[in-house]
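What you are looking at is a predicted structure, and each value in this text was computed from that prediction instead of being measured.
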Amino acid sequence: MPLDPCYLDLLSTLAPQVDWDETKKERFSALYDRLLLTNEKMNVTAVTGKAGVVLKHFADSLSLLQFPSFASAAEGGALCDLGCGGGFPGIPLAVALPGAAITMIDSTEKKIRSVRENAAFLGLSGICAVCGRGEELARDGAPLRERFDVVVSRAVAPLPVLTELCLPFVKPGGMFIAMKGAKSEEETAASRRGAGQLGSEKPVIIPVRFPEADLSILPPEEREEAESYLSAERSLIVFRKTRSTPSVFPRSWAAMKKKPL
Ligand code: SAH
C-alpha cells in the first residue's frame with residue numbers, strides 16, 4: 001500500500017533540508033510498504049500507521065539534517081548507524097543523501113538481513129549492512145575501529161554506555177551523534193566524564209525543531225498522534241572526537257553496563 005501524497009508532503013515540509021525529487025518520494029513510499037512486509041515476518045517496529053511511520057521513523061531520522069555539520073560530513077564522508085534495528089535512522093538518510101556511504105550495524109542477524117533486502121529493493125547502493133556487536137567490531141585492531149566521520153545511533157542504550165559503544169568507531173576529527181528524547185540533559189551530564197576518557201570534547205545538546213506543518217491534511221484520527229509527536233522534546237547530543245580512543249575501550253558489554261564510564 002503506497003503512501004498517499006499528503007504524507008509525502010508532510011515529510012517534505014518537516015525535512016526541508018532534503019533536495020526532494022520524485023525518486024526520493026517514491027523510495028519513501030516503497031520503504032513504508034517494505035516495513036509493513038518486514039513487520040509481518042518479524043516485529044521490527046510497533047509503529048505501523050502511516051502518520052506514525054512518517055513522523056516517528058522517517059521525519060525523526062531526517063531530523064539529523066537540521067544540524068548543518070552532520071549534513072556536510074555525511075554527504076562525502078563515511079557514516080555509521082550503530083544498532084540500526086529495522087534501519088533507522090540509516091535507511092531514510094540513505095534515501096535523502098544518495099551520495100552517502102552508510103555502514104549499518106546491528107547484533108541481530110534477521111534485522112540486518114531485512115536492512116540488506118530493503119536497501120537492495122530501494123536501490124540504495126551506499127548502504128553496507130554488518131551483523132555484529134558494536135563492542136567487538138570496534139575493539140583495538142579491528143578494521144572498523146576509528147573508521148567513520150560520523151556515527152549516529154537511536155534508541156540503543158543509555159548515553160554513558162552508548163558513548164563507549166560508539167566513540168571507538170569515530171575517527172579523531174569526526175563525531176558521534178546520539179538521538180535522544182526528553183531528559184537528555186541528565187543523560188548528557190552523566191556521559192561527560194566518560195566522553196573525555198574516550199577522546200571526545202564535552203557533548204553539546206542540539207534541540208530538534210521541526211518547521212510548522214499543516215496537520216489538517218492528515219485524516220482526523222491521525223492528527224492527535226502527529227501533534228503529540230511534534231510537540232515532544234527531542235534532541236541530538238553531539239560528541240566531537242579530538243583524540244584517539246585508548247585501546248582498553250570498548251570494554252565487554254557486561255563491564256560497560258555494570259560500570260558505565
Ligand atoms: N535504531 C533503531 C533500533 C533501535 S532498537 C531504531 O531507532 O528504530 C536497538 C537495536 O540495537 C536492536 O536492534 C539491537 O539488536 C541493537 N543492539 C543493542 N546492543 C547492541 C550492540 N552492543 N551492538 C550492536 N547492536 C546492538
Ring pair (Phe, Tyr, Trp, His ring centres under 6.0 Å) filter on Phe176, not counting sequence neighbours, yields Phe239
- Go through the steps for Val53 and Leu35 under the test side-chain contact (heavy atoms from CB on, under 4.5 Å), then give the verdict. CA-CA 9 Å; Val53 170; Leu35 269 186; 3.9 Å; yes
Are any of the side-chain heavy atoms of Cys131 and Met104 separated by less than 4.5 Å?
no
Scanning both residues in full, the closest heavy-atom pair of Val115 with Gly85 reads CG2-O, 3.5 Å
*Is the count of non-hydrogen atoms from other residues, nucleotides or ligands lying under 6.0 Å from Glu224 atom CD greater than 12?*
no
Is it true that a side-chain atom of Lys180 and a backbone atom of Ile237 form a donor plus acceptor pair closer than 3.5 Å?
no
Contacts satisfying side chain to side chain donor-acceptor pair (under 3.5 Å) that involve residues 193-219 (not counting sequence neighbours) are Asp214-Ser216
Mind checking whether Leu11 and Leu55 have side chains closer than 4.5 Å, heavy atoms only? no
**Asked** Under a 4.5 Å side-chain heavy-atom rule over Ile, Leu, Val, Met, Phe, Trp and Tyr, are Phe148 and Leu124 clustered together?
**Response** no
Quiz item: Are side-chain heavy atoms of Ser153 and Met179 found at a separation under 4.5 Å?
Solution: no
Rounded to the nearest 0.5 Å, the CG atom of Leu165 sits from the CG atom of Leu82 at a distance of 5.0 Å
(Q) What I'd like to find out is whether the side chain of Leu137 reaches to under 4.5 Å of the side chain of Ile105, using heavy atoms alone. (A) yes
Taking the side chain from Arg147 and the backbone from Cys80, do they hold a donor-acceptor pair closer than 3.5 Å? no
Less than 3.5 Å apart, any donor N or O on the side chain of Ser244 or Glu146 sitting next to an acceptor on the other?
yes
A side-chain contact here means heavy atoms from C-beta on lying under 4.5 Å apart; do Phe58 and Leu3 qualify?
yes
For Pro168 and Thr163, the nearest pair of non-hydrogen atoms, with its separation, is CD-O, 3.8 Å
Between Glu233 and Lys183, is there a side-chain N and carboxylate O pair less than 4.0 Å apart? no
Scanning both residues in full, the closest heavy-atom pair of Cys84 with Ile112 reads SG-CD1, 4.0 Å
Point to revise | Glu164 (side chain) donor-acceptor with Met256 (main chain) under 3.5 angstrom | key: no
Leu261 and Val170: same hydrophobic cluster, using ILVMFWY side-chain contacts below 4.5 Å? yes
Rounded to the nearest 0.5 Å, the CG atom of Leu215 sits from the CD atom of Glu225 at a distance of 11.0 Å
Rounded to the nearest 0.5 angstrom, the CD1-CZ distance for Ile206 and Arg234 is 14.5 Å
Taking the side chain as everything from C-beta on, heavy atoms only, tell me whether Ile177 gets closer than 4.5 Å to Val151. no
Taken to the nearest 0.5 Å, the spacing of Glu222 CD from Tyr229 OH works out to 15.0 Å
key: Student check: side-chain heavy atoms of Arg192 and Pro203 closer than 4.5 Å   = yes
- [ ] For side-chain contact (heavy atoms from CB on, under 4.5 Å), just list the numbers for Thr245 and Phe169, CA-CA rounded to whole Å, side-chain angles, deciding distance to a tenth of an Å, and then say yes or no.
- [x] CA-CA 9 Å; Thr245 300; Phe169 283 103; over 6 Å; no
All heavy atoms of Gly90 vs all of Ile102, minimum pair found to be O-CD1, 3.6 Å
| request: Ignoring hydrogens and angles, state whether a donor on the side chain of Ser235 or Ser184 is under 3.5 Å from an acceptor on the partner side chain. | output: yes
- prompt: Between Gln66 (side chain) and Val208 (backbone), is there a donor-acceptor pair under 3.5 Å?
  reply: no
Subject >> Donor-acceptor pair, side chain of Arg139 and main chain of Glu136, under 3.5 angstrom >> reply: yes
Quick note, side chain to side chain donor-acceptor pair (under 3.5 Å) partners involving residues 17-35, not counting sequence neighbours, are Arg34-Asn118
Practice item. Answer with yes or no whether the hydrophobic clustering places Leu37 together with Leu31; edges join I, L, V, M, F, W, Y residues whose side-chain heavy atoms lie under 4.5 Å apart. Key: no
Tell me if a side-chain donor or acceptor on Lys241 pairs with a main-chain N or O of Gly199 at a distance below 3.5 Å. no
Can you check whether Gly196's main-chain N or O pairs, donor with acceptor, with Arg243's side chain at less than 3.5 Å? yes
Counting C-beta onward and ignoring hydrogens, is there a side-chain heavy-atom pair between Ile91 and Leu122 closer than 4.5 Å? yes
Of all heavy-atom pairs linking Leu62 and Ala96, the shortest is CD2-CB, 3.6 Å
- Within the distance-only criterion (no hydrogens, no angle test), does the side chain of Arg251 pair as donor or acceptor with the backbone N or O of Lys259 below 3.5 angstrom? yes
Rounded to the nearest 0.5 Å, the CG atom of Leu159 sits from the OG1 atom of Thr188 at a distance of 5.5 Å
Open item on the list: Please tell me whether Lys111 and Ser107 have a donor and an acceptor in their side chains that are separated by less than 3.5 angstrom.
Closed with: no
Applying side-chain contact (heavy atoms from CB on, under 4.5 Å) to Val54 and Leu8, what does each step give before you reach the verdict? CA-CA 8 Å; Val54 165; Leu8 295 164; over 6 Å; no
Shortest non-hydrogen pair, Leu236 vs Ser63, comes out as CD1-O, 3.9 Å
### Message
Taking Leu162 as the starting point, is it possible to reach Phe88 by hopping between hydrophobic residues whose side chains are less than 4.5 Å apart?
### Response
no
Checking Asp106, Asp60, Asp81 against Arg154 for salt bridge (charged side-chain N to carboxylate O under 4.0 Å, His left out), the one that qualifies is Asp60
message: One pair to check against side-chain contact (heavy atoms from CB on, under 4.5 Å): Leu64 and Leu93. What are the steps and the verdict?
response: CA-CA 9 Å; Leu64 281 159; Leu93 290 172; 3.7 Å; yes
Value for CG (Leu144) from SG (Cys128), rounded to nearest 0.5 Å, stands at 8.0 Å
In this structure, would Ile217 and Tyr7 fall into the same cluster of hydrophobic residues linked by side-chain contacts under 4.5 Å? yes
